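Quick caveat: nothing in here was measured; it's all calculated off a predicted structure. We name chains A, B, ... by the order of the sequence lines, and we start the count at 1 in each one.
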2 protein chains.
Amino acid sequence: MSDAALWTALADPHRRAIVALLLERPRPVGEIAEACGLSQPSASKHLKVLREAGLVRVSQDAQRRVHALDPAPIAALDAWLEPYRRLWNRSLDALGRRLDETPADT
Amino acid sequence: MSDAALWTALADPHRRAIVALLLERPRPVGEIAEACGLSQPSASKHLKVLREAGLVRVSQDAQRRVHALDPAPIAALDAWLEPYRRLWNRSLDALGRRLDETPADT
DNA sequence: TTTGTGCATTCCTTGACGGGTATATAACTG
DNA sequence: CAGTTATATACCCGTCAAGGAATGCACAAA
């Protein structure tokens with residue numbers, strides 16, 4: 001669940017697809033594999049990475065392992081993003097001021 | 001500046017360090033290399049990745065290439081994060097309700 | 001024009017990652 | 001128990017990314 005694991009987990013497009021899929025609702029491995037066009041082993045491995053990053057939680061239902069999104073690590077990303085968001089907002093403000101102060105000549 | 005390039009760029013710890021460094025102020029390559037404990041070529045290559053992801057802009061100052069953070073792509077990350085943040089907030093709300101409705105027995 | 005500085009690029013090697021196949025494990029079914 | 005379903009793991013292989021050393025290139029100073 002280290003910060004690095006989180007970034008690594010989300011760096012892969014397939015894993016982001018899985019995460020997006022789980023945003024809808026929890027799903028068993030097979031369903032995830034099919035929906036993402038992955039082989040079952042591949043899906044299992046990606047889910048393992050997501051699990052180790054804390055992004056996903058498993059609950060067992062008979063033979064199925066239902067994976068659900070755990071939103072907690074998202075907060076970490078959000079926190080990381082915070083200082084940059086500040087910068088971004090400052091940029092927008094500056095742009096806004098420039099637009100305000102410029103006579104409308106077009 | 002594709003979404004994938006952005007994730008790939010930020011997936012590397014060294015590159016996140018560079019980005020954090022540039023949050024302070026723009027810097028020439030050599031300074032970045034030293035601050036991050038990177039060789040000059042390595043720093044150049046990482047900066048190239050960041051540039052191609054749109055995270056960094058260069059301005060030339062004599063022989064120096066001063067790199068500055070461009071916060072625009074951050075907005076893309078923020079947008080990506082949005083639906084998960086919703087989920088996260090719902091979780092907090094649910095927790096809050098549970099705490100409210102539970103008699104304080106501790 | 002020669003010399004020096006700052007940076008980019010190339011080549012090479014190595015290690016990590018992802019995909020596929022085959023196999024192991026666990027749980028249900030009869 | 002044997003057989004089937006759902007998933008995990010092991011192994012192999014191809015690819016790709018990162019680091020280091022050496023080199024190329026642009027600009028500046030003398």
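- Contact annotation: the side chain of B:L22 approaches that of B:I32 to within less than 4.5 Å [non-hydrogen atoms, C-beta and beyond].
- Protein atom CD of A:Q63 is 9 Å distant from nucleotide atom C1' of D:dT4, rounded to whole Å.
- Residues of residues 20-30 of chain A having a heavy atom closer than 4.0 Å to DNA chain C: none are found.
- One atom, CG of A:L50, and another, P of D:dA8, lie 12 Å apart when rounded to the nearest Å.
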Dump the intermediate steps for salt bridge (Lys or Arg N to Asp or Glu O under 4.0 Å) on B:E31 and B:R64, then the final yes or no. CA-CA 10 Å; B:E31 198 176 324; B:R64 300 194 181 159; over 6 Å; no
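- Contact annotation: the side chain of A:L77 approaches that of A:W7 to within less than 4.5 Å [non-hydrogen atoms, C-beta and beyond].
- Atoms CD (B:Q60) and P (C:dT5) sit 18 Å apart, rounded to a whole Å.
- The CZ atom of A:R65 sits 13 Å away from the C1' atom of D:dT5 (whole-angstrom rounding).
- Here A:R57 pairs with A:D70 under the side chain to side chain contact (heavy atoms under 4.5 Å, CB included) rule; sequence neighbours left out.
- Here the P atom of nucleotide D:dT5 and the CG atom of A:D61 are 17 Å apart, to the nearest Å.
- Side chain of A:R15 to backbone of A:T8: a donor-acceptor contact under 3.5 angstrom is found.
- With rounding to the nearest 0.5 angstrom, the CZ atom of B:R85 is 4.5 Å from the CG atom of B:D78.
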Per-nucleotide protein contact string for nucleotides 12-25 of chain C, where B marks a base within reach and S marks sugar-phosphate only (heavy atoms under 4.0 Å, - for neither): ------SBBBB---
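- For A:R16, the CZ atom is densely surrounded, since the number of other residues' heavy atoms within 6.0 Å is greater than 12.
- OP1 or OP2 of D:dA8 has not a single side-chain nitrogen or oxygen of A:R64 nearer than 4.0 Å.
- Atom pair B:L47:CG and D:dG19:P shows a separation of 12 Å (rounding to whole Å applied).
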